[in-house]
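Proteins come first, then strands; the chains are lettered A, B, ... in the order of their sequence lines, and each starts at number 1. Since this is a predicted model, take the numbers as computed values, not measurements.
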Amino acid sequence: MPELPEVETTRRSVEPDLLDAVVVSASVRRPRMLRRQPHARDFADRLVGRRIGHVGRHGKFLKTELEGDITWVTHLGMSGRVSLARAGDPEVAHTNVIVGMDSGVEFRLIDPRTFGFVAAYTPEDLEFSSLAALGPDALDELPSSGRLHAALENRSAPIKPTLLDQRILAGLGNIYADEALSRAGIAPQRPAQSLERPEVVRLRRAIKGTLAAGLRYGGTSLDDLAYLLPDGRAGEYVKRLRVYGREGEPCRTCGTPIRREVLRQRSTHWCPRCQS
DNA sequence: ACCTCCCTGGCC
DNA sequence: GGCCAGGGAGGT
């Protein structure tokens with residue numbers, strides 16, 4: 001299987017095209033995309049005319065800093081993807097937000113299910129947004145196993161949904177939570193507080209390894225192609241998934257059929273033999 | 001610390 | 001037609 005070049009969406013792909021550009025237009029076709037913006041008109045008002053500085057990320061929230069202390073936040077929700085286009089390029093269906101730059105580059109947010117959103121926040125808005133409650137970033141600020149152990153200590157909920165709680169650790173979604181638990185050899189149903197220190201050490205390494213591998217292969221584009229890289233390519237990590245979406249298929253390690261169970265309303269996959 | 005709901009498209 | 005889907009907020 002051809003190996004994709006290393007891709008890291010927010011830094012290597014989006015940032016060079018946005019850095020130092022001045023926003024010249026901001027158009028939102030689906031008002032719902034602005035539901036996290038206290039006053040909808042603020043979005044365009046706060047973006048247009050401002051120069052883009054740092055482009056970063058905390059968990060699943062894309063954060064673009066603009067001059068004048070404005071933070072432009074983008075979240076892809078479940079079906080959102082960013083596309084970088086040139087003004088005048090044909091629009092694909094469900095292009096809900098277009099932010100135009102003086103360079104001619106357009107940031108487009110395509111999101112059929114509209115669970116994603118955009119907002120332009122002042123420092124005060126940020127304080128009251130969900131970003132303020134995010135835990136450490138799973139990729140850039142992964143806590144030590146000691147701290148992770150402490151965070152899980154008083155949680156009776158199963159470890160799987162606990163990994164999805166963005167206030168504990170920011171960035172893991174349903175696929176990567178299942179994959180990390182698979183790598184760590186831990187059953188998703190285990191109460192978070194029951195994890196022994198060596199298991200937390202394994203889990204920490206597994207989270208790191210899973211995210212690194214996901215990025216290396218360009219992310220997980222499922223059959224619906226809801227997620228694509230900003231340049232339109234499909235991520236190839238789906239071919240490498242150990243458990244997610246593989247119910248009934250043999251475990252890549254021991255051959256036991258992968259099981260699926262709904263845990264806290266989320267589809268959960270694991271190998272009953274390798275994970276305990 | 002849970003469940004429900006928000007949306008639309010695709011598949012069975 | 002019904003069910004499912006990578007996420008998160010809001011209400012209880």
Hey, any chance A:I98 and A:V48 share a hydrophobic cluster, counting ILVMFWY side chains that come within less than 4.5 Å of each other, even indirectly? no

Heavy-atom closest pair, residues A:I207 and A:L169: CD1-CD2, 3.8 Å

Counting the atoms with a prime plus P, OP1 and OP2 as sugar-phosphate, which does A:R81 contact under 4.0 Å by heavy atoms, base, sugar-phosphate, or nothing? nothing

Sorted by position of nearest nucleotide on DNA chain B, 5' first, the leading residue of A:T114 and A:S156 is A:S156

If Ile, Leu, Val, Met, Phe, Trp and Tyr residues are connected whenever their side-chain heavy atoms lie under 4.5 Å apart, and connections chain through other members, are A:I110 and A:M33 in the same group? no

Roughly how many Å apart are C:dG11 and B:dC7, using the P atom of each and rounding to a whole number? 15 Å

Min and max contacting nt of DNA chain B in 5' to 3' order, chain A heavy atoms within under 4.0 angstrom, are B:dA1 to B:dG9

Where each pair must be Watson-Crick or G-U wobble with both distances under 3.5 Å, what dot-bracket representation of DNA chain C is obtained, with crossing pairs in [ ] and other-strand partners as |? |||||.||||||

For DNA chain B, whose closest nucleotide is more 5', that of A:H94 or that of A:R264? A:R264

List the steps and the verdict of salt bridge (Lys or Arg N to Asp or Glu O under 4.0 Å) for A:E91 and A:R29. CA-CA 12 Å; A:E91 270 179 42; A:R29 282 77 182 280; 2.9 Å; yes

Each nucleotide of nucleotides 3-12 of chain C classed B (base within 4.0 Å of a protein heavy atom), S (only sugar-phosphate) or -, in 5' to 3' order, makes -SBBBSSS--

Kindly write out the residues that satisfy ring-ring contact (aromatic ring centres under 6.0 Å, His included) with A:F115, not counting sequence neighbours, or none if the list is empty. none

Looking for any heavy atom pair under 4.0 Å, which part of the strands does A:R167 touch: base, sugar-phosphate only, or nothing? nothing

Tell me, which pairs form a side chain to side chain donor-acceptor pair (under 3.5 Å) where one or both residues lie in residues 113-125 of chain A, sequence neighbours left out? A:R32-A:T114, A:R46-A:D125, A:T122-A:D125

Taken in chain and number order and not counting sequence neighbours, the residues that satisfy ring-ring contact (aromatic ring centres under 6.0 Å, His included) with A:H75 are A:F61, A:F117

When you compare C:dC3 with B:dT4, how far apart are their P atoms, in angstrom units rounded to a whole number? 15 Å

Consider only side-chain heavy atoms of I, L, V, M, F, W and Y, link residues closer than 4.5 Å, and tell whether A:L66 and A:L109 are in one cluster. yes

Is there side-chain contact between A:S221 and A:L228, with heavy atoms separated by less than 4.5 Å? yes

With the 4.5 Å side-chain cut-off for hydrophobic clustering, are A:L172 and A:I186 part of the same group? yes

Minimum heavy-atom distance A:R202-A:G185, with the two atoms named: NH2-O, 3.8 Å

